[in-house]
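Only one structure is covered here, and it is reproduced in the block below.
What's counted below: heavy atoms across the whole structure, side chains too, no hydrogens, waters or symmetry copies. Each chain gets a letter, A, B and so on, in the order the sequences are listed, and its residues count up from 1.
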2 protein chains.
Amino acid sequence: MTIGRLARQAGVNIETIRYYQRRGLLATPRKPPQGVRRYSGETLARLRFIKRAQELGFTLREIAGLLKLGDGSCRETRAIAEHRLTDIETRIRDLQSMRATLDKLVRTCRAGDQPPCPIIASLKHDID
Amino acid sequence: MTIGRLARQAGVNIETIRYYQRRGLLATPRKPPQGVRRYSGETLARLRFIKRAQELGFTLREIAGLLKLGDGSCRETRAIAEHRLTDIETRIRDLQSMRATLDKLVRTCRAGDQPPCPIIASLKHDID
DNA sequence: TTTGACCCCGTACCTGGGTACGGAGCTTAT
DNA sequence: ATAAGCTCCGTACCCAGGTACGGGGTCAAA
């Protein structure tokens, strides 16, 4: 299939496919002297793999690693996933802490609803 | 004080201060014909305000809004904070869902520890 | 065979939050 | 008064993950 059809099938932009080729996530098939490049269903599967990995939070760099490893090395694949998991857990904790503070401030603000705003006050005076 | 001293006091890079000036978060004091710009403690307080707001997850655009509102409008300030809170909650939920999936995959992988890797298999076959 | 849709390729641009560089002018301590 | 160190200013670059543009080649259906 052509790149346009591949893009539609995968639900990505044509430019994204070219970008992945530049990033080394997808091979660029040979272009016949007369004609355009053709893509196989395998490339489509690879694109879907990339999308699902992105939904799990993997970066393109990590996804390139996963693709290169393939079915071969469970251990190395798991190491990548564990690293991603650790990072996600850190981000969750950071966000939860922000949420707790923000939630408290918003509640206090709603209770008073008049200057001086506790949100502003907190940002001005919080201990460093 | 000079920009270098201000940067050291606030714990930010000089270039960051200039960047904030370009973004409209900080005013650029007039430069005397002979000499360099001088900054007041008020600018330092503003910088610290920005840093604390960043720690709560606010974007620079939002922080510019908070600074413009000042103590004036509790309601508008709260609207910004509520928006940030909603966004943070969404991100937490997304990350928690990623964590759940990843954690299950990593555990399954650890249990088997041989190809075909369940992580790779999952990325290949997940329903769209 | 023509016309409209599609592909190719290089390059530039986008968001967000900065960082780096380099030459010229200014200040400060000795 | 001179050297070291600072400031100023414009511009370019960084990360990630793309998106956009424009001129030329190609393909497919009427």
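The NZ atom of A:K31 sits 11 Å away from the C1' atom of D:dG24 (whole-angstrom rounding). Atom pair A:R5:CZ and D:dC27:P shows a separation of 15 Å (rounding to whole Å applied).
On the nucleic acid side, DNA chain C has its first and last nucleotide under 4.0 Å of a heavy atom of chain A at C:dC7 to C:dC9, going 5' to 3'.
A donor-acceptor contact shorter than 3.5 Å links the side chain of A:T77 to the backbone of A:S73. With B:S97 contributing its side chain and B:R93 its backbone, the two residues share no donor-acceptor pair below 3.5 Å.
Residue A:Q34 places at least one side-chain N or O closer than 4.0 Å to OP1 or OP2 of D:dT26.
Side-chain contact between B:L26 and B:L67 is absent, with no heavy-atom pair separated by less than 4.5 Å. In this structure the side chain of B:M1 never reaches within 4.5 angstrom of the side chain of B:R8, judged on heavy atoms. Put simply, the side chain of A:R48 does not reach to within 4.5 Å of the side chain of B:K124, judged on heavy atoms.
Salt-bridge formation is not detected for the pair B:D94/B:R91: no Lys NZ or Arg NE/NH1/NH2 atom is positioned less than 4.0 Å from an Asp or Glu carboxylate oxygen.
Among B:R107, B:R99, B:R110, the one residue that satisfies the salt bridge (Lys or Arg N to Asp or Glu O under 4.0 Å) test with A:E82 is B:R110.
Shown for residues 13-23 of chain A: residues whose heavy atoms fall under 4.0 angstrom of DNA chain D, namely A:N13, A:E15, A:T16, A:Y19, A:Y20, A:R22.
Nucleotides of DNA chain C nearest to A:I3 and B:F58 differ in position, and the one nearer the 5' end is that of A:I3. Nearer to the 5' terminus of DNA chain D, by closest-nucleotide assignment, is the contact made by B:V36 (compared with the other of B:V36 and A:G35).
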Side-chain donor-acceptor pairs under 3.5 Å in residues 31-47 of chain A, sequence neighbours left out?
| residue | atom | partner | partner atom | Å |
| --- | --- | --- | --- | --- |
| A:R37 | NH1 | A:P29 | O | 2.8 |
| A:Y39 | OH | A:Q21 | NE2 | 3.0 |
| A:S40 | OG | A:E42 | N | 3.3 |
| A:R46 | NE | A:L25 | O | 3.0 |
| A:R46 | NH2 | A:L25 | O | 3.4 |

